[in-house]
Amino acid sequence: MRWPREVPELGWSRGGDRRVSVLAYGVGLGFRAVGERHCVGARGNVCPLGAVVPGRSTGGRCAECARLDRAHSVAADTMADDPRTYRVYLAWFGPGMVKVGITGEERGAARLREQGAVAFSWLGRGPLMAARRTEEVLRAALGVPDRIPYAKKRAVRGQLPGPEERAGAVAELYARAAALEGRGWPESLERLPLEVVDQVGVFGLDRAPDADADPAPGRSVREGGTAPGRSVRESAPAPVRAVQELVDGGVVAGRLVAAAGPDLHLAVADGSVVVLDTRLITGWDLTSVTRAAEATEATGSDVHVPLIDIGGGGVQGGLF
């Protein structure tokens, strides 16, 4: 799944045929997995081994293709001569969950949407190595991690505080980071002003009762927008289960009510919301299930794959 704009897109391929589906909240989505899951290759190249990969792997690649894919990424520090401008960002995912990262300036906020950042602000811009150095200095000085597991992000996503608290958390992190300017920051990194971008509306997570409250006076807060087809006051139950893996013949179907990062939040037949990490569907052959009712008739449920409690770690019995 990609976030090139403020709506999620799913990419599909079969042989040389590739297409993109732009997703919309409130619309049904369903499929059945067929056969085995195979490695998706690296950097647009087919896996030479056609390797079978585990159903629970979020990478969807065999060890060799995963190594090749990472070797050409910015995170691998193998692109020191990259001439593009990069931005340093401060991202907030939930109470106590913040991180510092970098992204290519031409990508805008796509990287923040891909990670499921609920709110963020830019901190600075400059050459790759200056951005990377700043990232390392801030991580060490502020004690923030270089990554936050998606399982932790999911666990708090249905219980987010209001917009003022979200903006305040980002502003506090920005102030701490800005105080370090001149104490390890490369001179070639230009500091950018605080501008908190809140993405709750973009993700369709606007369930908090005060989600449409005005931001605190004097604080720069820019809403990422309200998700297509949803009013701010419309709500859906907080997700409590997530798909653990797909299996041959397994069905997932429901109504898309929210999305964040790689996750789709699907309202299913029993009235609950199930999270599907779309990284788990890469490498599978999928056939369409056009309606949740069709899936229910065929399987007795519209979700017929192993599920796990969000934040709990236990597999749900009787749902497979």
Side-chain angles (χ1 to χ4, degrees), residues 1-4 8-21 23 29-80 82 99 101-104 107 110-111 113-116 132 145-154 241-252 259-264 266 274-289 303-308 310 313 315 320:
M1 189 165 76
R2 303 184 307 157
W3 287 88
E9 298 180 357
L10 275 178
W12 312 88
S13 65
R14 180 178 292 277
D17 182 26
R18 298 178 183 272
R19 62 184 180 89
V20 172
S21 298
L23 305 181
L29 175 71
F31 61 83
R32 178 180 287 104
V34 179
E36 294 180 309
R37 187 186 189 196
H38 291 88
C39 174
V40 296
R43 300 285 161 174
N45 298 306
V46 176
C47 174
L49 302 177
V52 174
V53 294
R56 299 182 187 182
S57 166
T58 54
R61 292 184 172 90
C62 67
E64 181 63 18
C65 287
R67 184 187 66 79
L68 291 173
D69 187 69
R70 182 171 176 79
H72 296 282
S73 70
V74 173
D77 283 335
T78 58
M79 305 168 63
D82 190 336
K99 65 163 288 188
I102 68 173
T103 185
R107 297 199 67 208
R111 179 64 177 155
R113 294 189 290 270
E114 290 168 356
Q115 293 187 34
R132 177 66 79 199
D146 60 348
R147 64 187 61 196
I148 298 174
Y150 280 103
K152 290 187 176 181
K153 299 176 189 179
R154 294 183 195 114
R241 297 169 297 171
V243 172
Q244 187 178 45
E245 64 178 323
L246 301 186
V247 293
D248 182 25
V251 171
V252 176
D263 291 348
L264 299 179
L266 301 173
V274 171
V275 174
L276 169 65
D277 184 340
T278 54
R279 296 175 300 171
L280 295 175
I281 72 176
T282 58
W284 281 97
D285 284 336
L286 304 176
T287 60
S288 176
V289 175
V303 178
H304 193 63
V305 293
L307 300 178
I308 190 170
I310 291 178
V315 177
F320 169 62

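Start at 1 with the first residue, then count along the sequence.
- In this structure, Leu280 and Thr58 have side chains that are in contact, with non-hydrogen atoms separated by less than 4.5 Å.
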Criterion side chain to side chain contact (heavy atoms under 4.5 Å, CB included) on Val243 and Val275, from CA distance to verdict: CA-CA 6 Å; Val243 172; Val275 174; over 6 Å; no
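- Residues Arg70 and Arg61 fail the side-chain proximity criterion, which asks for heavy atoms closer than 4.5 Å.
- Taking CD of Glu245 as the reference point, atom CD1 of Ile308 lies at 10.0 Å (rounded to 0.5 Å).
- Across Val247 and Pro306, no two heavy atoms sit closer than the pair CG1-CD, 4.2 Å.
- Classification of Asp263 and Lys153 as a salt-bridged pair fails, no side-chain N sitting under 4.0 Å from a carboxylate O.
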Audit row: Asp69, Arg43, side chain to side chain contact (heavy atoms under 4.5 Å, CB included) steps and yes/no: CA-CA 6 Å; Asp69 187 69; Arg43 300 285 161 174; 3.4 Å; yes
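- Rounding to the nearest 0.5 Å gives a distance of 9.0 Å between CZ of Arg107 and CZ of Arg113.
- Arg18 approaches Ser13 most closely through the heavy-atom pair NH1-CB, 3.7 Å.
- For the atom pair Trp284 CH2 and Glu36 CD, the distance stands at 8.0 Å (nearest 0.5 Å).
- Note that CG of Leu23 is 4.5 Å distant from CG of Leu10, once rounded to the nearest 0.5 Å.
- Of the inter-residue distances, the one linking Glu114 atom CD with Thr103 atom OG1 reads 7.5 Å to the nearest 0.5 angstrom.
- Residue Pro8 comes nearest to Ala259 through the heavy atom pair CG-CB, 4.2 Å, listed as atom of the first residue, atom of the second, then distance.
- By the 4.0 Å N-to-carboxylate-O rule, Lys99 lies too far from Asp146 to be salt-bridged with it.
- Looking at Leu246 and Phe31, their side chains come closer than 4.5 Å, going by heavy atoms from C-beta outward.
- Of all the heavy atoms in Trp3 and Gly261, the pair that sits closest is NE1-O, 2.8 Å.
- Under the side-chain contact (heavy atoms from CB on, under 4.5 Å) criterion, Arg2 pairs with Pro4, Glu9, Val20, sequence neighbours left out.
- Remark: Arg37 pairs with Thr282 by the side chain to side chain donor-acceptor pair (under 3.5 Å) rule, at least two apart or across chains.
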Intermediate values then yes/no, side chain to side chain contact (heavy atoms under 4.5 Å, CB included), Val303 and Arg241: CA-CA 11 Å; Val303 178; Arg241 297 169 297 171; over 6 Å; no
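- Shown here for Ala42 and Leu68, the closest heavy-atom pair between the two residues is CB-CB, 4.2 Å.
- Nearest heavy atoms, Arg32 versus Val289: N-CG2, 3.8 Å.
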